[in-house]
Chemist: 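Quick one: the structure is below, and I'll ask about it shortly.
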Amino acid sequence: MEEGAAVTAEKAAESASYTYWVREVSRDAAPLPVPKKIDPADLTNQPNQTHLGSAWNRAGTWEEKNLNKWATDRIKELLVSMGSMEFSGGKAEITEVTRCSGDAFLVTVRNKKRVGYTYELTLKVKGEWHIGGEKKKMKGHIDVPEFSFGELDDLQIDVKLSEDKDVLPQDKQRMSQDLKLFLQPLREKLLQFEEELKAR
């Protein structure tokens with residue numbers, strides 16, 4: 001009796017395949033699919049579906065692209081191109097972007113493009129003012145603390161002037177107030193950067 005049961009189990013194992021759940025094919029079972037050769041003409045006649053992102057991401061699921069190099073170079077280029085600003089008692093210009101650190105990225109989610117960035121800046125400035133009948137030259141820095149996409153209305157700057165014993169504290173105060181006028185053109189340049197980033 002045990003031998004008969006072992007032989008039946010062996011036959012069942014031999015007939016089983018990777019579709020082990022299909023024990024027997026019955027008449028009312030669905031027919032097996034028949035392979036069909038794809039005609040190249042059919043592929044060219046298919047409507048082109050526009051999608052964002054890489055060719056491998058046809059479904060438009062999550063895809064992130066790093067834009068740090070482009071963004072950093074573009075911010076520096078835009079800010080140095082601001083030129084000089086005239087004030088009631090002098091003028092100043094941004095000579096160099098000494099620090100431009102942060103991240104910029106383009107994300108494709110559900111076939112929709114989204115961009116973003118977060119940056120911090122330090123800008124080197126130099127200028128000259130007419131104080132007490134003399135021309136006084138002054139150097140300093142404008143620090144732009146962290147700012148990010150869509151938040152340029154809240155942009156703030158901090159002005160730090162280099163130490164100069166010949167300049168009185170009240171004159172330094174006036175120079176600092178003048179340099180804070182760089183806020184508006186700085187905001188305009190960063191808005192231009194934001195628009196260019198959105199167009200990528």
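Note that the structure is a prediction, hence the values are computed from the model and not measured.
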Chemist: Counting neighbours of NZ on K198 that are heavy atoms of other residues, nucleotides or ligands and sit closer than 6.0 Å, is the number greater than 12?
Modeler: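 Atom NZ in K198 is crowded, with more than 12 foreign heavy atoms closer than 6.0 Å.
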Chemist: In terms of ring plane angle, is the pair F87 and W129 parallel, tilted or perpendicular, where the classes change at 30° and 60°?
Modeler: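 The rings of F87 and W129 lie parallel, inter-plane angle below 30°.
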Chemist: What do the steps show when you test L161 against V159 for side chain to side chain contact (heavy atoms under 4.5 Å, CB included), and what is the final call?
Modeler: CA-CA 7 Å; L161 296 174; V159 175; 4.3 Å; yes
Chemist: For the residue pair S176 and Q173, confirm or rule out a side-chain donor-acceptor distance under 3.5 Å.
Modeler: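 Result is no, nothing qualifies.
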Chemist: Which atom pair, heavy atoms only, marks the closest approach of S148 to T118?
Modeler: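 Looking at all heavy atoms of both residues, the shortest contact is CB-OG1, 3.7 Å.
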Chemist: Would you call K136-E128 a salt bridge at under 4.0 Å N-O?
Modeler: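 Salt bridge absent between K136 and E128.
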Chemist: For N68 and A104, work out which heavy atoms get closest and say how close.
Modeler: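 Heavy atoms of N68 and A104 come nearest at OD1-N, 2.7 Å.
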Chemist: Can D143 and T122 be counted as having a side-chain donor-acceptor contact under 3.5 angstrom?
Modeler: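 A donor-acceptor contact under 3.5 Å links the two side chains.
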Chemist: Can you give me the closest heavy-atom contact between W70 and R200, atom names plus distance?
Modeler: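 Looking at all heavy atoms of both residues, the closest pair is NE1-NH1, 3.3 Å.
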Chemist: Can you name the side-chain contact (heavy atoms from CB on, under 4.5 Å) partners of E96, sequence neighbours left out?
Modeler: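 Once residues adjacent in sequence are excluded, the partners of E96 under the side-chain contact (heavy atoms from CB on, under 4.5 Å) criterion are T98, K124.
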Chemist: Only one of D73, N66, T72 clears side chain to side chain donor-acceptor pair (under 3.5 Å) with K69; which?
Modeler: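 For K69, the side chain to side chain donor-acceptor pair (under 3.5 Å) check succeeds only for D73.
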Chemist: Please check if any side-chain donor atom of R174 sits under 3.5 Å from a side-chain acceptor atom of Q177, or the reverse.
Modeler: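 Their side chains do not contain a donor-acceptor pair, so the 3.5 Å distance test is not met.
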Chemist: Indicate whether the side chain of E188 and that of Q192 have a donor and an acceptor atom separated by less than 3.5 Å.
Modeler: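 Their side chains do not contain a donor-acceptor pair, so the 3.5 Å distance test is not met.
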Chemist: Nearest 0.5 Å please: distance from the CG atom of L152 over to the CZ atom of F193.
Modeler: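 Answer for the CG-CZ pair, L152 versus F193, is 9.5 Å.
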Chemist: Return yes when atom CD of E93 has more than 12 non-hydrogen atoms of other residues, nucleotides or ligands closer than 6.0 Å, and no otherwise.
Modeler: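 Yes, because the 6.0 Å sphere around CD of E93 holds more than 12 heavy atoms from other groups.
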